[in-house]
Asks: 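Below is one structure. I have some questions about it.
Predicted, not measured: the structure shown is a model, and the values here were computed from it. Computed over heavy atoms, backbone and side chain alike; hydrogens, waters and symmetry mates excluded. Note on naming: letters A, B, ... go to the chains in the order of the sequence lines (proteins, then strands), and numbering restarts at 1 for each one.
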Protein chains: 2
Amino acid sequence: MSDNITAIHPSWEIIHGDALKVLREFAPNTFDAVITDPPYASGGRTQAEKNKSTDKKYSSMGESAPPPFDGDSKDQRSWTRWAAEWLYDARKVCKPGAPVCMFIDWRQLPAATDALQWAGWIWRGTAVWDKGNSRPQKGRFRQQAEYIVWGSNGDMPISRPVPCLPGVFKYGNPQNRIHLTEKPLQLMRDVVKITEPGGHILDPFAGSGSTVLAAVLEGYSATGIEVTDAYAALSRERIERELAQGA
Amino acid sequence: MSDNITAIHPSWEIIHGDALKVLREFAPNTFDAVITDPPYASGGRTQAEKNKSTDKKYSSMGESAPPPFDGDSKDQRSWTRWAAEWLYDARKVCKPGAPVCMFIDWRQLPAATDALQWAGWIWRGTAVWDKGNSRPQKGRFRQQAEYIVWGSNGDMPISRPVPCLPGVFKYGNPQNRIHLTEKPLQLMRDVVKITEPGGHILDPFAGSGSTVLAAVLEGYSATGIEVTDAYAALSRERIERELAQGA
DNA sequence: AAGCTAGTTGAATCCCTCG
DNA sequence: TCGAGGGATTCAACTAGCT
């Protein structure tokens, strides 16, 4: 399938398959960047459940020293392990110095920085996507931002031909989303610019294909991996359609 | 000293002393919120960088540099433990449901969320302070934001008489700062509004006193603790001066 | 328009170890 | 005792958009 797609579109492909399996089939030094929006919580508890269990757990703590780690993190722990696995495999097929960008929400951000570093990437910072339009909550701060945890595969020379990039991006959520977590295209066009010009970008969780589309629009080549058959097909159609419109 | 100050200013005081010691002298249920900006100790990766005193670390600011401040030179392990300790002690003197807000930078954010939860607070989210200007980094995302890790002492009823608050605050750094890490006053005026009207706010790391000043300006009472003699005095002068100007 | 940036980089230097 | 090598540390140059 990927050969066929590659033949038609030399600069991009969407591979249908599981990220962990597909990643191991690439050769080392294949990619210049990893830019992706992984599933945020494979266990998927609600915030209320998390708060309740946390509350119960720590109300019994009394005067003694705090426990070493949050006990309601069983789901989070397995998420972290899983993330470390694919981050490791992704790093292994990247060139030295390649940047990595991972979208994440506030709750998984600490787990994401752990996983990134466990996988051998150097964590270099956190950029912010200000969504602007989240639902207000009385008596609370709005959760109106998502985060881009980013780093590099070893040293990242300041001499790379890449300009300075902003640290906060403000874009509203797109209308008519194909995928539930689809990011604004302009946001992705901004973020992929962390890659060296003309580089080959990997997105192991392609979803609706925004990263791949943005990469091609900005002059990069890109490989997306998507496990859900329907999204792999939908994203291919979307990218072809939007590239045809733009051309 | 605090008695004297309290007598003159019924709604605020700055106590000169170490946070861990002073916190243990308050009675339970004294405070309605903790809002603070602790030392980040986010200096470099090497031991020596962490051991640097703040005046050396920020020597590039020249003669106009503010006096050094205490507590910015811990490694990440001891910083996390230390933060969990004062967060725990602070929670013990707060009312049930009291909110906590802790400023932190990107590097220490995972450690801060750990410490907050170890201390028994429920972590409820992360708000963003967009500083707007920061050092640009060629080929990198700017580190242009600091974070406000926030939570509550147990359940936090939605019925509290507090409106919805933004999740991203954009304010430039103030001019003519007393303290190296002084926050914009308007930012602090926005953040203290997480407290119930008329409540008593605690800031264990008062620094230049922005939290206390903002709290009083917004109709709260406030207690600040500051370990550095010079800043305890400077902040008292500043708050008196600015309150007199405003009145 | 000038001045700022809770900094970062890489090269030079220093120091200690080992053959 | 010397020199090579590696790790630790210091230092000055630097960056570009925002206020």
Asks: Given C:dT5, C:dT9, C:dA6, which nucleotide is nearest the side-chain atoms of B:R140?
Replies: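 That would be C:dT9.
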Asks: Decide yes or no on salt bridge (charged side-chain N to carboxylate O under 4.0 Å, His left out) for A:K95 and A:E196, but give the supporting numbers first.
Replies: CA-CA 11 Å; A:K95 296 176 186 167; A:E196 288 196 30; over 6 Å; no
Asks: According to a strict under-4.0 Å criterion, is A:R160 in side-chain N/O contact with OP1 or OP2 of C:dT9?
Replies: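 No, outside the criterion.
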Asks: With sugar-phosphate meaning primed atoms plus P, OP1 and OP2, does B:D130 contact a base, only sugar-phosphate, or nothing at under 4.0 Å between heavy atoms?
Replies: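 Contact class for B:D130: none.
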Asks: Could you give the NE2-to-C1' distance, from B:H179 to C:dA6, as a whole number of Å?
Replies: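 Going from B:H179 (NE2) to C:dA6 (C1'), I get 10 Å.
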Asks: Can you measure from CZ (A:R189) to OH (A:Y171) and round to the nearest 0.5 angstrom?
Replies: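 With rounding to 0.5 Å, CZ (A:R189) is 10.0 Å from OH (A:Y171).
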Asks: Of the nucleotides C:dT5, C:dT8, C:dT9, which one has an atom closest to the side chain of A:R124?
Replies: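 Looking only at side-chain atoms, A:R124 lies closest to C:dT9.
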Asks: Enumerate the protein-to-nucleotides 11-13 of chain C contacts in which both atoms are nitrogen or oxygen and the separation is below 3.5 Å.
Replies:
none

Asks: So if I take residues 149-158 of chain A and measure heavy-atom distances to DNA chain C, which residues fall below 4.0 Å?
Replies: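 Contacting residues: A:P157, A:I158.
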Asks: Return the value, rounded to whole Å, for the distance between atom CG of B:N176 and atom P of C:dG3.
Replies: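 Checked: the CG to P distance equals 14 Å.
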Asks: When you compare the side chains of A:Y220 and A:D32, does any donor N or O come within less than 3.5 Å of an acceptor on the partner?
Replies: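 No, no side-chain donor-acceptor contact under 3.5 Å.
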Asks: Counting Watson-Crick and G-U wobble pairs with both distances under 3.5 Å, what is the dot-bracket string for DNA chain D, 5' to 3', using [ ] for crossing pairs and | for pairs to another strand?
Replies: .|||||||||||||.||||
Asks: Of the listed nucleotides (D:dA16, C:dC4, C:dA6), which one gets closest to any side-chain atom of B:K131?
Replies: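 When the side chain of B:K131 is considered, C:dA6 is the closest of D:dA16, C:dC4, C:dA6.
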Asks: Got more than 12 heavy atoms from elsewhere within 6.0 Å of OH, A:Y88?
Replies: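 Open.
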Asks: Students often get this wrong, so: under 4.0 angstrom with heavy atoms, is B:E146 touching a base, only sugar-phosphate, or nothing?
Replies: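 Base: the residue B:E146, judged by heavy atoms under 4.0 Å, touches a nucleobase.
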Asks: So what does B:P174 touch, heavy atoms closer than 4.0 Å: a base, only the sugar-phosphate, or nothing?
Replies: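 No contact at all - B:P174 keeps every heavy atom at 4.0 Å or more from the nucleic acid.
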Asks: What distance do B:L234 atom CG and B:R241 atom CZ have between them, rounded to the nearest 0.5 Å?
Replies: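 Going from the CG atom of B:L234 to the CZ atom of B:R241 covers 8.5 Å.
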Asks: Reckon B:R107 has a side-chain N or O less than 4.0 Å from the OP1 or OP2 of C:dT8?
Replies: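 Checking C:dT8 against B:R107, a side-chain N or O does come within under 4.0 Å of OP1 or OP2.
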Asks: Starting at atom CG of B:N133, determine the distance to atom P of C:dG7, rounded to an integer number of angstrom.
Replies: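 Rounded to whole Å, this separation is 13 Å.
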Asks: Can you tell me how far P of C:dT8 sits from CZ of B:R135, to the nearest Å?
Replies: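 Rounding to the nearest Å, CZ of B:R135 and P of C:dT8 are 8 Å apart.
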Asks: Quick one: which of A:W123, A:W150, A:Y147 gives a ring pair (Phe, Tyr, Trp, His ring centres under 6.0 Å) with B:W106?
Replies: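 Running ring pair (Phe, Tyr, Trp, His ring centres under 6.0 Å) over A:W123, A:W150, A:Y147 with B:W106 returns exactly one hit, A:W123.
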